[in-house]
2 protein chains.
Amino acid sequence: MANTNGPTRERIKEEAYLLLQEKGLAGLSMRALADRLHIKAPSLYKHVGDKEEIIADLQARGISEFAAIIQQAGKSKKSKALAYRKWAKENPHLYEVTLRTPLLRSRIPSGLEEGVTHMIIEITGKDHEHARAVWALMHGLVDLEIAGRFPENADLDKTWKRAIELIG
Amino acid sequence: MANTNGPTRERIKEEAYLLLQEKGLAGLSMRALADRLHIKAPSLYKHVGDKEEIIADLQARGISEFAAIIQQAGKSKKSKALAYRKWAKENPHLYEVTLRTPLLRSRIPSGLEEGVTHMIIEITGKDHEHARAVWALMHGLVDLEIAGRFPENADLDKTWKRAIELIG
DNA sequence: ACCTGAACACCGTTCAAGT
DNA sequence: ACCTGAACACCGTTCAAGT
């Protein structure tokens, strides 16, 4: 035996997070993850069910981080919106897993998603429909920006300013 | 020789489009594409440079279709918005390649992207910033809807109505 | 000029075998 | 209880060899 103690489930998920931040979603393979833990890929399956379990854990982490960031931001809608953008740009890989990958609802802690929805409704101060439209606007801006979809000469600060006016 | 005529580049790209519509982006592999053309995967490389060339072609097709759909829709912003939603929902795989996959700018016909940008600005009737915010809102709504991100009991018709009011 | 099998460097996952 | 090598069914792509 090379190791006296194998990695715990927590250790695996933490290492998956670090690997994601370093190499992105495409670089997060079971083999690469196993390498970092100094075990072989098949051994991972003694600790986690499958790769989806790892992805679901990262999504839960992303949702929690996101909620914390928005709550800590200033009270105005503008502060909240700019915090959303800042967080997404600073954590593009986590953003991709959390918001650009189908949500593994059955595998994340129940209540997590609902909590965030509730928070957004409180911030926007109106009903579900308005809250969803606001969220879609923020998400759309971030998504198109991360994907490099806006032309290079686009003034995105100005675009966000205008978007925030829209939802004011 | 099994075939007297191998597939043309056009035939390959058309078959790629059909395969995409049937099996989605994940099902669009070079091997599966070759199977449909009754050749082996390595033979594809005598006709196309690589898989990116095929993806770029699909993106160009998606952009063109999208532009046509929006132009054909009624003149009001509401009609245009609902046409956007309808097209995306009816062509989720093409939407994914075209708008959820990094745009291969260097490999699509020049002017295509700019043409669409120009069109959106004309429709929204204001400046670049406003047009981008409107586009982000539409894209965000579609993206979250396709990804199944809204709760199951969400009334999306109502959400779109509210979003359209926002940009009125 | 076009097509092929074999190969390379990858995936996620299973399983019998070892300790 | 945990780890392993070998294997299976996949990827995109290259290349020498055939016609």
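To find a chain, count down the sequence lines: A is the first, B the second, and so on, and within it residues start at 1. Since the structure is predicted, the reported quantities are computational estimates derived from the model, not experimental observations.
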* Asked: Could you give the distance from CD1 (B:I63) to CG (B:L58), rounded to the nearest 0.5 Å?
  -> 11.0 Å
* CE on A:M30 to CD1 on A:I54, rounded to 0.5 Å -> 4.0 Å
* To do: Could you check if a side-chain atom of A:I121 sits within less than 4.5 angstrom of a side-chain atom of A:K126, using non-hydrogen atoms only?
  =>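 No, every pair of side-chain atoms sits at 4.5 Å or beyond.
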* Find out whether B:I69 and B:Y84 are in side-chain contact, i.e. whether some heavy atom of one side chain is under 4.5 Å from a heavy atom of the other. => no
* How would DNA chain D look in dot-bracket form, 5' to 3', counting Watson-Crick and G-U wobble pairs with both distances under 3.5 Å and writing | for bases paired to another strand? -> ||.|||||...|||||.||
* For salt bridge (charged side-chain N to carboxylate O under 4.0 Å, His left out), just list the numbers for B:E145 and B:R149, CA-CA rounded to whole Å, side-chain angles, deciding distance to a tenth of an Å, and then say yes or no. => CA-CA 6 Å; B:E145 185 176 357; B:R149 237 21 214 264; over 6 Å; no
* **Base versus backbone protein contacts along nucleotides 8-19 of chain D [heavy-atom cut-off under 4.0 Å; B, S, -]** => ---BBBBB----
* Should the ring pair B:F150 and A:W135 be called parallel, tilted or perpendicular, given that the plane angle runs from 0 to 90° and is split at 30 and 60? ->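 Perpendicular.
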* Structure fact -> Under a 4.0 Å heavy-atom cutoff, the residues of residues 15-25 of chain A touching DNA chain D are none
* Asked: Distance between the P atoms of D:dG12 and C:dC2, in whole angstroms?
  ->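 22 Å, rounded to whole Å.
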* Asked: P atom, D:dA7 versus C:dA7: distance in rounded Å?
  -> 15 Å
* Any donor-acceptor N/O pair, A:Q59 side chain to A:L104 backbone, under 3.5 Å ->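 Confirmed, A:Q59 side chain pairs with A:L104 backbone.
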* Just by distance, do the side chain of B:K51 and the backbone of B:L28 share a donor-acceptor pair under 3.5 Å? ->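 Between the backbone of B:L28 and the side chain of B:K51 there is a qualifying donor-acceptor contact (under 3.5 Å).
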* Asked: Is the gap between the ring centers of A:F66 and A:Y95 under 6.0 Å?
  -> no
* Measure the distance from NZ on A:K40 to P on D:dG5 and round it to the nearest whole Å. =>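 The answer, rounded to whole Å, is 5 Å.
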* Over how many whole Å does the gap from A:H47 atom NE2 to D:dA1 atom C1' extend? -> 9 Å
* To do: Would you indicate, yes or no, if D:dC3 has its OP1 or OP2 atom less than 4.0 angstrom from a side-chain nitrogen or oxygen of A:H38?
  =>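 For D:dC3, neither OP1 nor OP2 has a side-chain N or O of A:H38 closer than 4.0 Å.
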* To do: Any chance you could lay out the side-chain contact (heavy atoms from CB on, under 4.5 Å) test for A:E10 and A:D57, step after step, and finish with the verdict?
  => CA-CA 10 Å; A:E10 286 314 306; A:D57 183 75; 5.9 Å; no
* Might you work through the side-chain contact (heavy atoms from CB on, under 4.5 Å) test for B:H93 and B:L25, ending with a clear yes or no? => CA-CA 6 Å; B:H93 301 312; B:L25 185 53; over 6 Å; no
